[in-house]
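Atom set for the values below is all heavy atoms of this structure, side chains included, hydrogens, waters and symmetry mates excluded. Just so we're on the same page: letters track the sequence lines, and every chain starts at 1.
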Amino acid sequence: MKLSKSFVPTLKEVPADAVIPSHILMLRTGMVRMVSAGIYSFLPLGYKVLRKITDIIREEMNAIGGQEFHLPGLNPKEIWEATGRVEGFGDILFHVKNREYVLAPTHEEIMAFHAKGTLKSYKDLPQIWYQIQTKFRNEPRPRSGVIRGRQFLMKDSYTFDATWEDLDKAYELHDQAYRKIFDRCGLKYFVVGASSGAMGGNKSEEFMVKSDAGEDTVAYCESCSYAANVEVATSKIETVNRDDNSKELYEIHTPDVKSIDELCEFLKINQRETAKSRVYIHNGEPLLVLMSGNDEVNETKLNTVIGGDVRPGHPEELQNITGADAGSIGPIGFKHRIIADNRLRNGNNLYSGANKNDYHIGGLDLKRDVPAIEYFDLRSVESGEGCPRCNGKLEVFKAIELGHIFKLGTKYSEALGVYYLDEKGESHPAIMGSYGIGCERVLACYIEQNYDDKGIIWDTTLAPFSIHLIALNMKSELIANKSNELYDELSKAGYEVLFDDRIDASAGFKFNDADLLGMPVQIIIGERNLKEGKVEIKNRRTGDKDTIALDELKLKLKELLQ
RNA sequence: CGGGGCGUAGCGUAGUCCGGUUAGCGCGCCUGCUUUGGGAGCAGGAGGUCGCAGGUUCGAAUCCUGCCGCCCCGACCA
């Protein structure tokens, strides 16, 4: 492709609205342009890369027996009402104003609709159906460029099986296919076991990429690949001491001491000798949660453990319930349910609030003084804590979800009537699985992992072009002729070549554009070298430059672009 | 939906607090000449509903009211 005739609007300056590297670089390289919040147009260069990603996905899906569909984005609302998901999705679902249609945010319903009455016998199963289609979700806050959009491209597949064992196989096939896809795309990713949330169903795994732009926080162990969302992650930590002798309870005057840090400072003690109190309102009743030192209450874990409605108490409520303000609350004299984090189990000689402002108590023995206490895992793991599976250390960081595989079960087949007859002629709902990949996220994550201060660094697999041919001065007849000749020759040899044949762009301008666009190999045609029958070849990733004879070029390219 | 920031030419911005000529600058764009190994030089030129609507005023980018849009943090989220 000749740059002089192409629409590749690169930007020298950083657009004000872009913050994360992938967003900035996708705008600067002219891959995408925003139309509205969370709505992007893909320009030719960006679309070329997106196509390479979907081609890889398609190949790997076909390899496990997937059959590609093309489904409508516009869906009758009726079908969505059948599964209760008009309500389920709520404001996330886009509604069409002048018809009873919705814009599909995913396609379980439509796939099940097609399966109904056609997958009639166990002999028709299993099936793997997939599509690569635009989804619509009215995200309250689109962000990070293409990573969270209101309209986005997703590969979604759905499996229909007769038995749970067969579902396991379909799930396993997807698991393997996803690993191949992300490996081929050159991404560093990891896999997290997750709860399946609003999708309904049993087991699920998320394929994640570490990134500050991520929306999930995960704990990961480098040595054994343990990975879990912090909402469920556990770690190996030391529990608090239980001394041989329990002291008696005693009151301490602690003026203006509110936080655990202040208490530790005031009493010259370690935070593990303290029990922090947090008051929640659970189904209308007060609930005291005790944590060791500065450990934070993980509200997701709390919710899972006790169920129902939970919220932190308001300041006035705390005063009414305990007679004290936050910072002076404690378990002694608290007349409602008390639960504590496992770390505090059976601790004694602890310090805690006295339910009286400016007073704390010492000598607290949870076993003796709070007999009705219940222990649960309630804390969030932190970086540096021990991996629960091996002797490694956990790292806690933000991550982007690239793909998600679910064992759905029979929710949709039952709601939409996808039943088959088994060998005995008995009717059963088909057992479904659902598997998604965010295609633009693959692109954005690749860039997040492969850039430098000059621009993007493409590997050959996803690169829009493998060779960036730079003719330094197109007004020189020698250069113009030779570079055009090379362009034809390399194109015929099967290389995808981006030819910077712009007549008025200066050398430096072309170099910087080439580094920004980031094709794996640059071939630089300059007058000096050319007069000696030589060209320069540059490896974008390493920055290595070689001046080589023209007749060595093909060999060198083979070496660099294998 | 809560908090914060922003909206001036294609992009990046100054001016806004404290109202007063023709709204300034850099990049980009157009024309001509020169230049071509790391974002060229000179000369000339085009391009603006100052987000929108209303108000105050002799006079509004600037002050007031309402609305819209965009970014960030939080809440929410396959």
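Using the Watson-Crick or G-U wobble rule with both distances under 3.5 Å, B/U65 pairs with B/A53. Base pairing analysis places B/C18 opposite nothing; no Watson-Crick or G-U wobble pair with both distances below 3.5 Å involves it. Using the Watson-Crick or G-U wobble rule with both distances under 3.5 Å, B/C1 pairs with B/G74. Judged by Watson-Crick or G-U wobble contacts below 3.5 Å, the nucleotide B/G24 has B/U13 as its partner. In this structure B/U31 sits in a base pair with B/A43, meeting the Watson-Crick or G-U test at under 3.5 Å. Pair check for B/G38 finds none; no Watson-Crick or G-U wobble contact set falls under 3.5 Å.
Atom CG in A/D91 sits about 12 Å away from atom C1' in B/C77, given to the nearest Å. Spacing between atom CD of A/E206 and atom C1' of B/C77 amounts to 12 Å, rounded to whole angstrom units. The interatomic distance linking A/D453 (CG) with B/G39 (P) rounds to 15 Å, in whole Å. Whole-Å rounding puts the A/R502 CZ to B/A40 C1' distance at 14 Å. Rounded to whole Å, atom C1' of B/G37 lies 8 Å from atom CD1 of A/I524. Atom pair A/L3:CG and B/G39:C1' shows a separation of 15 Å (rounding to whole Å applied). Atoms CD1 (A/I470) and C1' (B/G37) sit 10 Å apart, rounded to a whole Å. Across the protein-nucleic acid pair, A/D513 atom CG and B/G39 atom P stand 13 Å apart, rounded to whole Å.
The separation of B/G39 from B/G28, taken at their P atoms, amounts to 12 Å, rounded to a whole angstrom. Distance check on atom C1': B/G7 versus B/C11 gives 15 Å, rounded to whole Å. The gap from the P atom of B/A14 to that of B/U56 amounts to 31 Å, rounded to the nearest Å. Taking atom P on both B/C17 and B/A61, the two are 12 Å apart, rounded to the nearest angstrom. B/U16 and B/U62: their P atoms are spaced 12 Å apart (whole Å). Comparing the same atom, P, in B/G69 and in B/C76 gives a spacing of 24 Å after rounding to whole Å. A distance of about 15 Å separates the C1' atoms of B/G47 and B/C25, rounded to the whole Å. Look at the P atom in both B/C52 and B/A9: the space between them is 10 Å, to the nearest Å.
Salt bridge status for A/D183 with A/K180: absent, with no side-chain N to carboxylate O gap under 4.0 Å. In summary, A/E108 and A/K411 do not engage in a salt bridge, as defined by a charged side-chain N under 4.0 Å from a carboxylate O.
An OP1 or OP2 oxygen of B/U36 is reached within less than 4.0 angstrom by no side-chain nitrogen or oxygen of A/S506. Taking side-chain N and O atoms only, A/R141 has no distance below 4.0 Å to OP1 or OP2 of B/C1.
One N or O donor and one acceptor, one from the side chain of A/N529 and one from the base of B/G37, sit under 3.5 Å apart. Below the 3.5 angstrom threshold, one finds a donor paired with an acceptor across the side chain of A/K545 and the base of B/G38. Below the 3.5 angstrom threshold, one finds no donor paired with an acceptor across the side chain of A/K510 and the base of B/U36.
Centroid-to-centroid, the aromatic rings of A/F190 and A/F397 come within less than 6.0 Å. Aromatic ring centroids of A/W458 and A/Y446 lie under 6.0 Å apart.
Base contact: A/F152 has a heavy atom under 4.0 Å from a base atom. Residue A/E536 is classed as a base contact, given a heavy-atom separation below 4.0 Å to a base. A/D156 comes within contact range of no nucleotide atom at all, as no heavy-atom separation falls under 4.0 Å. Residue A/P140 is classed as a base contact, given a heavy-atom separation below 4.0 Å to a base. A/G526 comes within 4.0 angstrom of a base, heavy atoms only. Contacts of A/R28 with the nucleic acid, taken as non-hydrogen atoms under 4.0 Å apart, include base atoms. Within the nucleic acid shown, A/A505 comes within 4.0 Å of at least one base atom, counting heavy atoms only. Residue A/S476 is classed as having no contact, given no heavy-atom separation below 4.0 Å to the nucleic acid. As judged by a 4.0 angstrom heavy-atom cut-off over every strand, A/K135 is placed among residues making no nucleic acid contact. Residue-level contact check: A/I437 touches neither bases nor backbone, having no heavy atom under 4.0 Å from any strand. A/D17 comes within 4.0 angstrom of sugar-phosphate atoms only, judged by non-hydrogen atoms across all strands, and of no base. Among the heavy atoms of the strands lying under 4.0 Å from A/L472 is at least one base atom, whether or not backbone atoms are also near.
Formation of a donor-acceptor pair under 3.5 Å by the A/Y487 side chain with backbone atoms of A/D500 is not found in this model. Formation of a donor-acceptor pair under 3.5 Å by the A/K301 side chain with backbone atoms of A/A233 is found in this model. Using modelled atom types, no side-chain atom of A/R137 and backbone atom of A/G149 make a donor-acceptor pair closer than 3.5 Å.
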Side-chain donor-acceptor contacts of residues 436-445 of chain A below 3.5 Å, not counting sequence neighbours, with atom names and distances?
unit_1: A/E440; atom_1: OE1; unit_2: A/L153; atom_2: N; d: 2.7
unit_1: A/E440; atom_1: OE2; unit_2: A/L153; atom_2: N; d: 3.0
unit_1: A/R441; atom_1: NE; unit_2: A/I147; atom_2: O; d: 2.8
unit_1: A/R441; atom_1: NH1; unit_2: A/E401; atom_2: O; d: 2.7
unit_1: A/R441; atom_1: NH2; unit_2: A/I147; atom_2: O; d: 3.2

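For A/R148, the side-chain atoms get nearest to B/C77 when compared with the rest of B/G38, B/C77, B/U36. The side chain of A/R528 sits closest to B/G37 out of B/U13, B/G37, B/U36. Picking from B/G12, B/C71, B/C76 the nucleotide with the shortest atom distance to the side chain of A/R143 gives B/C76.
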Where do N or O atoms of nucleotides 24-31 of chain B meet protein N or O atoms at under 3.5 Å, pair by pair?
unit_1: B/G26; atom_1: N2; unit_2: A/E13; atom_2: OE1; d: 2.8
unit_1: B/G26; atom_1: N2; unit_2: A/E13; atom_2: OE2; d: 3.4
unit_1: B/C27; atom_1: O3'; unit_2: A/K12; atom_2: NZ; d: 3.4

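Comparing A/N473 and A/E215 along RNA chain B, the residue whose closest nucleotide (by nearest heavy atom) sits nearer the 5' end is A/N473. When each of A/S144 and A/M154 is assigned the nucleotide of RNA chain B with its nearest heavy atom, A/S144 is the one assigned upstream, toward the 5' end.
Heavy-atom neighbours of A/R528 CZ from other residues, nucleotides or ligands within 6.0 Å: at or below the threshold of 12.
Tested against A/T159, the residues A/Y171, A/Y435, A/Y130 include a single side chain to side chain donor-acceptor pair (under 3.5 Å) partner, A/Y435.
Between A/H174 and A/Y178, the two ring planes are perpendicular [angle over 60°; tilted spans 30° to 60°].
Nearest heavy atoms, A/P520 versus A/A463: CD-CB, 3.7 Å.
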